[in-house]
Amino acid sequence: MGVIELAWWQLALAALMVVALAGCTAAMRLGMSRSLLIAAARTVTQLALVGLVLEALFAASTLYWVALMALGMLLIAGREVMARQKRRLIGGWAFGIGTVAMFLSSFTVTVLTLTVIIGPEPWYRPQYAIPLLGMMLGNTMTGVALALDRLTDTAWHQRAVIENRLMLGQRWQEAVGDIRREAMRSGLMPMINAMAAAGVVSLPGMMTGQILAGSPPALAVKYQILVMFTITLGTGFGTLAAVAVGSRRLFDGRERLRLDRLAAPKG
């Protein structure tokens, strides 16, 4: 049994319900109606454009175009990591640390999954590579952004504690050790919660999509387990790397706390 075709008027009905929700938020003076409508418009525009790009990419199916698409996704994810930080590192470090951490973790895990576990022919087949990399980058982006934001914001508020530890003779790793651990936990917690709730509280997106497309539930479960494990690996290693480099950037060569390397929060 194939997927039920959706007409544009059916999507328009769903859009009208979003508009109705925006009207309710405006009536209740929540100040979110404009943001909600803009987000909905961006969703339609971005997904429509991505659909056109993916159709062309699937038709071409060459490593060059797949790599170019992956690079664009990585750069956009790096910008989102930087934008989500309240007190980000200045001088391009906020963008660079997040982007490099996601590249080293997400790309490595994705390539290993495609070549060793799934094994499509060719290994960069866009029907497998792009969706898998997209899920990896999306979740790794969230983990890295949460971890770096927690690291820099906590270091700012606990600067007196850190400086006192340094004056008592502790190395910078010890002075900021508990802050680094809490930042790493913040980045890993969303994926741990997602794995703990999978199949009990919620049906994950890839599994739901495959079932709607007519795949046997057992096959959908296998793919979802694989995807959640690979996403957790990418998020975990990306978060650990980003926090390790980010925390080192907060200190200079003489192990002095350098909060002047943090930008002031916007607004």
Side-chain angles (χ1 to χ4, degrees), residues 1-25 32-84 98-99 102-103 106-107 110 113-114 118 120 124-146 190-191 194 198 202-215 220 223-224 226-228 230-231 234-235:
M1 182 177 179
V3 181
I4 298 175
E5 191 75 24
L6 287 177
W8 285 108
W9 68 267
Q10 293 170 308
L11 294 179
L13 285 178
L16 284 176
M17 289 188 282
V18 176
V19 173
L21 174 61
C24 292
T25 59
M32 299 179 65
S33 56
R34 184 173 180 271
S35 299
L36 180 60
L37 292 175
I38 292 176
R42 286 188 60 179
T43 296
V44 174
T45 304
Q46 291 168 181
L47 289 179
L49 291 175
V50 166
L52 294 175
V53 171
L54 288 179
E55 284 188 1
L57 187 64
F58 289 177
S61 191
T62 60
L63 179 59
Y64 173 80
W65 290 112
V66 173
L68 189 62
M69 178 77 173
L71 177 62
M73 294 165 64
L74 174 66
L75 294 178
I76 294 173
R79 181 193 174 279
E80 288 298 315
V81 167
M82 180 180 65
R84 296 183 186 188
T99 303
M102 287 187 293
F103 174 77
S106 296
F107 276 67
T110 299
T113 302
L114 290 171
I118 300 178
Y124 54 84
R125 188 175 174 184
Q127 288 90 335
Y128 289 89
I130 296 302
L132 181 59
L133 179 61
M135 288 184 287
M136 290 285 296
L137 284 175
N139 287 274
T140 305
M141 175 186 70
T142 301
V144 170
L146 286 173
M191 276 312 305
S202 64
L203 289 179
M206 182 177 182
M207 178 179 170
T208 303
Q210 285 190 308
I211 292 175
L212 289 175
S215 297
Y223 267 96
Q224 189 60 58
L226 173 63
V227 166
M228 295 204 76
T230 54
I231 287 175
T235 303

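If you read the sequence from its start, that first residue is 1, and numbering goes on from there.
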Do any side-chain atoms of residues 62-81 form donor-acceptor pairs under 3.5 angstrom with protein atoms, and if so which ones, sequence neighbours left out?
none

Subject >> Student check: side-chain heavy atoms of T235 and T142 closer than 4.5 Å >> reply: no

Subject >> Spacing of CE belonging to M141 relative to CE belonging to M136, to within rounding of 0.5 Å >> reply: 13.0 Å

Subject >> Student check: side-chain heavy atoms of L36 and L21 closer than 4.5 Å >> reply: yes

**OP:** Return the set of residues passing ring pair (Phe, Tyr, Trp, His ring centres under 6.0 Å) with Y124 (not counting sequence neighbours), or none when no residue passes.
**Re:** none

**OP:** Run the numbers on T110 and L137 for side chain to side chain contact (heavy atoms under 4.5 Å, CB included), then give the verdict.
**Re:** CA-CA 10 Å; T110 299; L137 284 175; over 6 Å; no

Original post:
Residues two or more places apart in sequence or in another chain: which of them pass ring pair (Phe, Tyr, Trp, His ring centres under 6.0 Å) with F107?
Top reply: F103

Original post:
Do any pairs count as a side chain to side chain donor-acceptor pair (under 3.5 Å) and have a residue in residues 35-61, sequence neighbours left out, and if so which ones?
Top reply: R42-Q46

Original post:
At what distance, to the nearest 0.5 angstrom, does CG of L57 lie from CG of L52?
Top reply: 12.5 Å

Subject >> Where V144 and G98 come nearest, the two heavy atoms and their spacing >> reply: CG1-CA, 4.0 Å

Subject >> Results of side chain to side chain contact (heavy atoms under 4.5 Å, CB included) for A7 - residues two or more places apart only >> reply: W9, Q10

**OP:** Find the distance between CZ (R84) and CG (L146) and round it off to the nearest 0.5 Å.
**Re:** 8.0 Å

**OP:** Give, for atom CD1 of I231 and atom CG of N139, the distance between the pair rounded to the nearest 0.5 Å.
**Re:** 4.5 Å

Original post:
Quick one: CD1 on I38 to CE on M32, what's the gap to the nearest 0.5 Å?
Top reply: 12.0 Å

Original post:
Considering residues at least two apart in sequence or located in another chain, which fulfil the side chain to side chain donor-acceptor pair (under 3.5 Å) criterion with S106?
Top reply: T140

